[in-house]
Enquirer: 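Take a look at the following structure, please.
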Amino acid sequence: MKTKLNKIILKAAGIAHRTGRFPSDNFPEVLIEVPKLESHGDYSTSFAMMSAGTQKMSPRKIAEAILEGIEDPGDIISDIQIAGPGFINFYIKPSAWHPILSRINAEDLRYGASDRGQRRKVQVEFVSANPTGPLHVGHGRGAAVGDSLANILSFYGCDVQREYYINNSGRQIHTLGRSVYIRFLSLHGREVVFPDDCYQGDYILDLARQINAEKGDSLLAMSEDKAIQNCARFAADKVLAGIRSDLEHFGIVFDRWYSEQSLYDDGKVDRMIDDLLSRDLVYRKDGALWFRTTSFGDEKDRVVVRTNGQTTYFASDIAYHHDKYLRGFDRVIDIWGADHHGYIPRMNAAVEASGRNRNQFDVILVRLVNLLRNGKPVAMSTRAGEFVTLGDVIDEVGRDAARFIFLTRHYDSTLDFDLELAKRKTNDNPVYYVQYVHARIASIIRKSVEKEMGPVTYDPAAVSMLTVKEEIGLIKRMDHFPEVILRSAEEMTPHRIAFYLIDLAAAFHAYYNKHRVLTDDPILARGRLYLVAAVKKVIRNGLTLLGVSAPERM
RNA sequence: GCCCCCGUAGCUCAGUGGAUAGAGCAUUGGAUUCCUAAUCCAUGUGCGCAAGUUCGAUUCUUGCCGGGGGCACCA
């Protein structure tokens, strides 16, 4: 609808210019919005006010000139008014809304999709938690955001890949091995003081028991170094398997699990360092090798190879991101916890150094999650090994509720996740509110089948009977859906969809309570059935993008 | 000290360079002989503070105040 108005306005402005009413043909972008007040029409534009500068005319005069040039071949406009400082308000005829319904019902699963992404290859990398312990709620938020964003971009027309980067090299993994090994030793009666810098959680003890059961004796016979190495590999594999299963539980499947270690094994890190050396992007100082990140805007240079000869995490990360582009992605999106924000400048530097453009790399920083129960913080300390895992949360509140809660907030603000609130099946928990729309309509459709009212198909006579304001309101909202998707994809804001769905759900529930769909008038009933069938599809499409199910019954 | 984010209703959060800033919860009172009451209808106080840019600022800029996070040859 907006597109149609857009054309009409531009054409009118063109006419005004040709007939000499406008001195300039330099027109601003036509911004059309839905006014907050119904009395301001269905759509409104500030075009006249924005043109005031270039036309050197008063906004109202401009608006009048536009009005004279308005042509409405589709016969969609019932009234146009100039209001306030120069707003042009459009009132749309009810009949103009009706074709949208057949479009929604026809496009069905694809309604809202577009080809704006131009099949661009985009990679979304998310979660990527170190395999040193189970996932917690914070990872869950990143998982929900990343997965949903991937869905949205794909719907937008991008060619999207989901990837999990496994930090399976380096000190933390060694610490994991050491932690398990020490617990293992204590199983064999060797009293060892458990160091503070080791992982304290109960799962470490479980891992020790498992490795003991599988290869206890051989492990005892090994040198400490070798044993720790064995423990590390064993534990990391197990922990990763757990992570994978938690994520699958959450409905998330990665296209690829990329191993950090493989970067070393394949020589990609070494090659990258050689390359940087040859381009004089790294230099030696104090026995270490430094990357000139300051040349790309970072506040200080960063170490890639330490004095002891070991590479830093940053080194493999440069190689990793370089590799992403080599694999053909022309855009890379990383989703990180907000505590990594200081890392962005150096990663930007790395991306630029590998010859890529700034706009080919985005980092989404997902803020902290506070886990609460009845408004009180749930005590959590990774150190002490006391924490509620993502798996626990999903088991307790359910996958749909958990996902929806993560996505009804902008990722840029901290999130209070209350376990008790999340379990409630009331309006405290909008996920059920939205899903209920889907179930209710499914039920209506079942009923219509029982009553043998015939299939839900397009019937111009029936659809033309949809004239009450709640019906037009629903269509109007659904007409808006594709635009919500565009914005959500372009701004990388999944939460827009969640809020859109809540709004559409509210409009539906209100309609449902006020008007009966399956009325005694068979024609009207058919029209309303066609309307709610469209609502059902839009709700489903939206929920699917969020990774939330759309149930037929509740 | 420096950097990033946040500050909107009693609470949890949306939103916007424009015409009277929204939703849920909480409060109070209502709605079902009929399509699922996990529903609906009614009920009011608010953009942290101060300057600047603008025809117009809650939105953009700067400063201040308050909250969170970050400033490793850790990952």
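Sequence lines set the chain letters: A, B, ... in the order given, protein chains first and strands last, and positions in each chain run from 1. As the structure is a prediction and not an experimental result, all values here were calculated from the model. Computed over heavy atoms, backbone and side chain alike; hydrogens, waters and symmetry mates excluded.
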Enquirer: Does the side chain of A:Lys514 get closer than 4.0 angstrom to OP1 or OP2 of B:C35 through an N or O atom?
Expert: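 Checking B:C35 against A:Lys514, no side-chain N or O comes under 4.0 Å of OP1 or OP2.
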Enquirer: So is the aromatic ring of A:His40 stacked onto the base of B:A19, judging by whether the centres are under 5.5 Å apart and the planes are under 30° apart?
Expert: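 Check passed, A:His40 stacks on base of B:A19.
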Enquirer: Does B:C40 have OP1 or OP2 sitting under 4.0 Å from an N or O in the side chain of A:Asn427?
Expert: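 Result: yes.
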Enquirer: Quantified in whole Å, what is the C1' atom distance between nucleotide B:C25 and nucleotide B:A14?
Expert: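 Going atom to atom, C1' in each nucleotide, I get 14 Å.
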Enquirer: Nearest to the side chain of A:Met554, heavy atoms from C-beta on, is which of B:A38, B:A14, B:C35?
Expert: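 Selected nucleotide: B:A38.
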Enquirer: If the P atom of B:A9 is compared with that of B:C65, how far apart are they to the nearest Å?
Expert: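 Approximately 22 Å lies between the P atom of B:A9 and that of B:C65.
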Enquirer: Which of the following nucleotides, B:C35, B:A75, B:C4, is nearest to the side chain of A:Val517?
Expert: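 When the side chain of A:Val517 is considered, B:C35 is the closest of B:C35, B:A75, B:C4.
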Enquirer: Under a 3.5 Å distance rule, please check whether A:His509 uses its side chain to pair with a backbone N or O of A:Tyr433 as donor and acceptor.
Expert: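 Yes: the side chain of A:His509 pairs with the backbone of A:Tyr433.
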Enquirer: Base of B:A14, side chain of A:Thr408 - is there a donor-acceptor contact under 3.5 Å?
Expert: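 Side chain to base: no pair below 3.5 Å.
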Enquirer: Quick one: do A:Arg302 and A:Asp298 make a salt bridge, cutoff under 4.0 Å?
Expert: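 Yes, charged N to carboxylate O under 4.0 Å.
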Enquirer: Rounded to whole angstrom, note down the C1' distance from B:G69 over to B:U62.
Expert: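 These two C1' atoms come out 23 Å apart once rounded.
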Enquirer: Which nucleotide in the set B:C40, B:C5, B:G15 lies at the smallest distance from any side-chain heavy atom of A:Arg496?
Expert: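 Per side-chain heavy atoms of A:Arg496, the pick is B:G15.
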Enquirer: Determine whether any donor atom in the side chain of A:Ser443 lies under 3.5 Å from an acceptor atom in the base of B:C35, or the reverse, and answer yes or no.
Expert: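 Result: no qualifying N/O pair found.
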Enquirer: Which part of the nucleic acid does A:Arg528 contact within heavy-atom distance under 4.0 Å: base, sugar-phosphate only, or nothing?
Expert: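 Since no nucleic acid heavy atom lies under 4.0 Å of A:Arg528, the category is nothing.
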Enquirer: One thing to verify: whether A:Asp197 and A:Arg178 come together as a salt bridge, which I'm taking to mean a side-chain N less than 4.0 angstrom from a carboxylate O.
Expert: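 Result for this pair is yes, salt bridge flagged.
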Enquirer: Taking atom P in both B:A26 and B:U61, compute the distance separating them and give it to the nearest angstrom.
Expert: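 So the two P atoms sit 38 Å from each other.
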Enquirer: Can you measure A:Lys376 atom NZ to B:C11 atom C1' for me and round it to whole angstrom units?
Expert: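 Taking atom C1' of B:C11 as the reference, NZ of A:Lys376 is at 16 Å.
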Enquirer: Taking for each residue the nucleotide of RNA chain B bearing the nearest heavy atom, is the 5' side occupied by A:Val303 or by A:Ala505?
Expert: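 Comparing both residues, the 5'-ward one is A:Ala505.
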Enquirer: Among B:C35, B:C71, B:G15, find the nucleotide with the atom closest to the side chain of A:Glu299.
Expert: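 Among the listed nucleotides, the one closest to the side chain of A:Glu299 is B:C71.
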Enquirer: When we call it a touch if two heavy atoms are under 4.0 Å apart, what does A:His174 touch: a base, just sugar-phosphate, or nothing?
Expert: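 No contact.
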Enquirer: Considering just the side-chain nitrogens and oxygens of A:His410, establish if one lies under 4.0 Å of OP1 or OP2 belonging to B:G15.
Expert: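 No, A:His410 has no side-chain N/O under 4.0 Å of OP1/OP2 on B:G15.
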Enquirer: Tell whether A:Asp428 reaches the base of B:A26 with its side chain through a donor-acceptor pair below 3.5 angstrom.
Expert: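 Donor-acceptor pair under 3.5 Å: no.
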Enquirer: Side chain of A:Tyr512 only, heavy atoms from C-beta on: which candidate in B:C73, B:C35, B:U39 is closest?
Expert: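 Per side-chain heavy atoms of A:Tyr512, the pick is B:C35.
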Enquirer: Tell me if the aromatic rings of A:Tyr258 and A:Tyr164 count as close, with their centers under 6.0 Å from one another.
Expert: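 For A:Tyr258 and A:Tyr164, the ring centres are not under 6.0 Å apart.
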Enquirer: Can you tell me how far P in B:G68 sits from the matching atom in B:U12, rounded to whole Å?
Expert: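 Nearest-Å result for B:G68 against B:U12 at atom P: 14 Å.
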Enquirer: What contact category does A:Ala510 fall into here, base, sugar-phosphate, or nothing, at under 4.0 angstrom with non-hydrogen atoms?
Expert: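 Sugar-phosphate, backbone atoms only, no base.
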Enquirer: Base, sugar-phosphate alone, or nothing: which one does A:Tyr343 contact when heavy atoms must sit under 4.0 Å apart?
Expert: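 Contact class for A:Tyr343: base.
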Enquirer: By nearest atom, which of the nucleotides B:A75, B:C4, B:C13 is closest to the A:Phe499 side chain?
Expert: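 Selected nucleotide (nearest to the side chain): B:C13.
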Enquirer: Round to a whole Å and report the spacing from CG of A:Asp197 to P of B:A75.
Expert: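 That distance rounds to 14 Å.
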Enquirer: Can you see whether A:Phe291 has A:Arg346 sitting over its ring - NZ or CZ less than 6.0 Å from the centre and within 45° of the normal?
Expert: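 No - A:Arg346 does not lie over the ring of A:Phe291 by the 6.0 Å and 45° rule.
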Enquirer: Both A:Gly342 and A:His495 contact RNA chain B. Which one's nearest nucleotide lies toward the 5' end?
Expert: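 The residue closer to the strand's 5' end, by nearest nucleotide, is A:His495.
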Enquirer: Any base atoms under 4.0 Å from A:Glu450, or only sugar-phosphate, or nothing? Heavy atoms, all strands.
Expert: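 A:Glu450: no heavy atom of the nucleic acid under 4.0 Å.
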Enquirer: A:Asn429 side chain to A:Val431 main-chain N or O, any donor-acceptor pair under 3.5 Å?
Expert: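 Checked: no pair found.
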Enquirer: Does A:Arg306 put a side-chain nitrogen or oxygen below 4.0 Å from OP1 or OP2 of B:A72?
Expert: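 No, A:Arg306 has no side-chain N/O under 4.0 Å of OP1/OP2 on B:A72.
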Enquirer: Give the rounded distance in Å between these two atoms: NZ of A:Lys300 and C1' of B:G70.
Expert: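 So the two atoms are 14 Å apart, to the nearest Å.
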Enquirer: How does RNA chain B read in dot-bracket, base by base from 5' to 3', with Watson-Crick or G-U pairs under 3.5 Å and | used when the partner is on another strand?
Expert: (((((((..((((....[...))))..((((.......)))).....(((((..]....))))))))))))....
Enquirer: Grab the CG-P distance between A:Leu501 and B:A14 for me, whole Å please.
Expert: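 In whole Å, B:A14 P and A:Leu501 CG are 16 Å from each other.
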Enquirer: With the side chain of A:Lys425 defined as its heavy atoms from C-beta on, choose the nearest nucleotide among B:A38, B:U39, B:A14.
Expert: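 Within the option list, the nearest is B:A38.
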Enquirer: Between B:C34 and B:C47, how far is it from one C1' atom to the other, in whole Å?
Expert: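 Their C1' atoms lie roughly 45 Å apart.
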Enquirer: How far does the P atom of B:U58 sit from the matching atom of B:G22, given to the nearest Å?
Expert: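 One P to the other, the span is 15 Å.
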Enquirer: Using the side-chain heavy atoms of A:Ser44, tell me which of these nucleotides is nearest: B:A19, B:U39, B:A72.
Expert: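 Closest nucleotide among those given: B:A19.
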Enquirer: Do NZ/NE/NH1/NH2 and the carboxylate oxygens of A:Lys376 and A:Asp418 come within less than 4.0 Å?
Expert: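 The answer is no: the pair does not qualify as a salt bridge.
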Enquirer: Base, sugar-phosphate, or nothing: which does A:His509 touch, judged by heavy atoms less than 4.0 Å apart?
Expert: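 It contacts sugar-phosphate atoms only.
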Enquirer: Identify whether any heavy atom of A:Asn429 sits under 4.0 Å from a base atom; if not, whether one sits that close to sugar-phosphate; answer base, sugar-phosphate or nothing.
Expert: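 Nothing, no heavy atom under 4.0 Å.
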Enquirer: Indicate, with a heavy-atom threshold strictly under 4.0 Å, whether A:Ala439 touches base, sugar-phosphate, or nothing.
Expert: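 It contacts base atoms.
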Enquirer: Could you check how far CZ of A:Arg302 sits from C1' of B:C74, rounded to whole Å?
Expert: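 Atom-to-atom, A:Arg302 to B:C74, this comes out as 13 Å.
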Enquirer: Taking the minimum atom-to-atom distance to the side chain of A:Ser413, which one of B:A14, B:C40, B:G69 wins?
Expert: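 Between B:A14, B:C40, B:G69, the one nearest the side chain of A:Ser413 would be B:A14.
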Enquirer: Among B:C74, B:U39, B:A19, which nucleotide has an atom closest to any side-chain atom of A:Tyr433?
Expert: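 Of all the options, the side chain of A:Tyr433 is nearest to B:U39.
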Enquirer: With the threshold set at 4.0 Å, does a side-chain nitrogen-carboxylate oxygen contact exist between A:Lys423 and A:Glu420?
Expert: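 Between A:Glu420 and A:Lys423 there is a salt bridge, with a charged N closer than 4.0 Å to a carboxylate O.
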Enquirer: Considering only the P atoms, how many Å lie between B:G10 and B:G48, rounded to the nearest integer?
Expert: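 So the two P atoms sit 13 Å from each other.
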Enquirer: Any base atoms under 4.0 Å from A:Asn168, or only sugar-phosphate, or nothing? Heavy atoms, all strands.
Expert: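 Nothing, no heavy atom under 4.0 Å.
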Enquirer: Any ion pair linking A:Arg440 and A:Glu552 (charged N to carboxylate O, less than 4.0 Å)?
Expert: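 Looking at A:Arg440 together with A:Glu552, the answer is no, because their closest N to O distance does not fall below 4.0 Å.
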Enquirer: Between atom CZ in A:Arg367 and atom P in B:C4, what is the gap in whole Å?
Expert: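 That distance rounds to 11 Å.
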Enquirer: I'd like to know whether A:Arg496 forms a salt bridge (charged side-chain N to carboxylate O under 4.0 Å, His left out) with A:Glu483, so could you lay out the CA-CA distance, the side-chain angles of the two residues, the decisive distance to 0.1 Å, and finally the verdict.
Expert: CA-CA 11 Å; A:Arg496 275 189 185 282; A:Glu483 195 187 320; over 6 Å; no
Enquirer: At under 4.0 Å between heavy atoms, what does A:Arg409 touch on the DNA or RNA strands: base, sugar-phosphate, or nothing?
Expert: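 Result for A:Arg409 = sugar-phosphate.
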Enquirer: Any base atoms under 4.0 Å from A:Gln310, or only sugar-phosphate, or nothing? Heavy atoms, all strands.
Expert: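 The answer is nothing, as A:Gln310 stays clear of every strand by at least 4.0 Å.
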Enquirer: Examine distances only and state if a side-chain atom of A:Thr175 and a backbone atom of A:Arg171 form a donor-acceptor pair shorter than 3.5 Å.
Expert: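 Present.
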Enquirer: A:His321 and ring pair (Phe, Tyr, Trp, His ring centres under 6.0 Å): which single residue from A:Phe314, A:Phe361, A:Tyr165, A:Tyr343 fits?
Expert: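 Exactly one option meets the ring pair (Phe, Tyr, Trp, His ring centres under 6.0 Å) with A:His321, and it is A:Phe361.
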Enquirer: Does A:Arg424 put a side-chain nitrogen or oxygen below 4.0 Å from OP1 or OP2 of B:C25?
Expert: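 It does not, given that no N or O in the side chain of A:Arg424 lies less than 4.0 Å from OP1 or OP2 of B:C25.
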Enquirer: Report yes if the ring of A:Phe87 lies under 5.5 Å from the six-membered base ring of B:A19 with planes under 30°, and no otherwise.
Expert: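 Yes, A:Phe87 stacks on the base of B:A19.
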